[in-house]
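Throughout, a chain's letter reflects where its sequence line sits, starting with A, and its residues are numbered from 1.
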Number of protein chains: 2
Amino acid sequence: MSRRSVRTERRLFLADGPKAVEGALAVEACVVEVFATPVALEQYAGLLADAPVTLVDERALASLSDSVSPAGVVAMCRHLDAPLEHVVAVSARLLAICADVRDPGNAGTVIRTADAAGADAVVLAGRSVDAYNPKTVRSTVGSLFHLPFAIEPDPAVAVRAAQARGLTVLAADGAGEVDLFEADLSGPTAWLFGNEAWGLPDELAALADHRVAIPIHGRAESLNLSTAAAVCLYASARAQRA
Amino acid sequence: MSRRSVRTERRLFLADGPKAVEGALAVEACVVEVFATPVALEQYAGLLADAPVTLVDERALASLSDSVSPAGVVAMCRHLDAPLEHVVAVSARLLAICADVRDPGNAGTVIRTADAAGADAVVLAGRSVDAYNPKTVRSTVGSLFHLPFAIEPDPAVAVRAAQARGLTVLAADGAGEVDLFEADLSGPTAWLFGNEAWGLPDELAALADHRVAIPIHGRAESLNLSTAAAVCLYASARAQRA
């Protein structure tokens, strides 16, 4: 094997459990190899009918899975992230940009919610958690395999790319000057979500076209990141599909 | 100490960290005692000025906290749950009922989100997680101390109590017959949310006045519990405050 091919094949991640394996197998050229126990191969015979399966014992499988109770089937997958330009180009209507989202469960939930709300794509920007972290993959519940996504080290580059393509960038910001439910959300939109603890840096929020706050009616100080993203993305979906 | 008083004093829980302690101290007769390290007592001198503080060393404090890096201040608090009838009676507009919500983070996030959306109260029904689990308390980010809540073993009793008080009970149900964004949400409403894995049992969903689905526009199969609750509760807040 040449050095080049080794390097290429190192861009791999694990899809753990039948749901994730099913999602991965539905993406062309994504799955390199499926590892399954004999019991799982029998149980998921339909799913694995045309897949490149290697049989392993329970112990070997457990070493591939970070789950407490592995389902017996894990797929070795090629990375799926697309170039930023591609992801922005397919975002005719709705894009979610995560800037410095650090918790794997939050990032995965935003990807799942963006998929549910009919978003076109997601960008994991800045120091956001690895999209291929097993907890991120698991909390997308298959949406990592449905939705185009890009990884972009500089959130400002993602914001400017979205604006250059005609998307209005809205920063979700508790101190924002626009009330979510008074905003005009009918046009092509990119939502910009910040870190779970400290939100968006001022300089980044300032790059957005508007800073939008979800109204807080009670005594809570804020919403958590994934619930805030759900409220924003569904407000857009509702306005765009009315 | 009489046996009776021992039994009474066992209905206690811990509020961990300065935010939670601040919330607890704001509730009359909630805090039995605050434990603080000398460093924390100095750091939070204003907060603890009138509180009944016992000084402890780092090691004793760590044994009271389930946090990886304890902030040095923990309050021993009396249970705060109110009777179901009281909680339903104060719910003039918006109530959230959790049925068999098992994950502490989810239950806490629903309480926090209900508070933010201006709900009047929450019911933790059925086999829902303990409201006083440290992870639940932490994920409410203070809202456990803001919002009236009840603990009711039978979710059907909670549903019927809400209906008897004139609230329309809406079951959040991916297979529901009503689209969230086509529903009339302007009247007094109790949302009924089910378990994170299996949703609402059919018999319980059937007791609700309507079963309401959040539209799924993409290829995700569903939303997770706390994001679904956020979308539903904010749809109600928006309709009721329009």
Side-chain angles (χ1 to χ4, degrees), chain A residues 19 22-23 26 93-94 103 105-106 108-122 139-148 174 179-182 197 213-242, chain B residues 19 22-23 26 93-94 103 105-106 108-122 139-148 174 179-182 197 213-242:
Chain A
K19 280 252 172 193
E22 185 180 2
R93 186 149 59 177
L94 188 58
D103 178 77
N106 278 336
T109 301
V110 172
I111 292 170
R112 176 184 182 182
T113 307
D115 187 9
D120 301 294
V122 171
S139 53
T140 72
V141 194
S143 293
L144 193 76
F145 302 102
H146 301 159
L147 208 61
D179 181 306
L180 176 65
F181 299 121
E182 289 164 7
I214 298 173
I216 303 288
H217 301 297
R219 292 167 63 200
E221 281 179 26
S222 63
L223 291 167
N224 82 9
L225 171 72
S226 58
T227 55
V231 172
C232 293
L233 290 166
Y234 265 95
S236 283
R238 181 180 187 171
Q240 292 181 343
R241 291 161 194 265
Chain B
K19 280 252 172 194
E22 185 180 5
R93 187 148 60 177
L94 188 57
D103 179 77
N106 278 336
T109 301
V110 172
I111 293 170
R112 175 184 182 183
T113 306
D115 187 8
D120 302 293
V122 171
S139 53
T140 73
V141 194
S143 293
L144 193 77
F145 302 103
H146 300 160
L147 208 61
D179 181 306
L180 175 66
F181 299 120
E182 289 165 6
I214 298 172
I216 303 288
H217 300 297
R219 292 167 62 199
E221 281 179 25
S222 62
L223 291 167
N224 83 6
L225 172 71
S226 57
T227 53
V231 172
C232 292
L233 290 166
Y234 265 94
S236 283
R238 179 180 187 170
Q240 292 180 344
R241 292 160 192 262

One option among B:Asp120, B:Ile216, B:Leu233 has the most heavy-atom pairs under 4.5 Å with chain A, and it is B:Ile216
Using atom types as modelled and distance alone, determine if a side-chain donor or acceptor of A:Asp115 lies under 3.5 Å from a backbone N or O of B:Arg219. yes
Just to be sure I understand the criterion: a residue of residues 223-230 of chain A counts if one of its heavy atoms is under 4.5 Å from a heavy atom of chain B. Which ones qualify? A:Leu223, A:Asn224, A:Ser226, A:Thr227, A:Ala230
Mind checking side chain to side chain donor-acceptor pair (under 3.5 Å) for A:Thr109 and listing every partner two or more places apart, or none if nothing turns up? none
Are any of the side-chain heavy atoms of B:Arg238 and A:Arg238 separated by less than 4.5 Å? yes
Of all of B:Ala237, B:Ala220, B:Gly118, B:Ala235, which one pairs up most often with chain A through heavy atoms under 4.5 Å apart? B:Ala220
Chain B contact via A:Ser222 - side chain, backbone, both or neither, heavy atoms under 4.5 Å: both
Polar side-chain atom of A:Arg112 near backbone of B:Glu221 as donor-acceptor pair, under 3.5 Å: no
Closest-packed option against chain A by number of heavy-atom pairs under 4.5 Å, given B:Ala114, B:Ser143, B:Gly142, B:Ala117: B:Ala117
Between A:Tyr234 and B:Cys232 (side chain of the first, backbone of the second, donor and acceptor by atom type, cut-off under 3.5 Å), is there such a pair? no
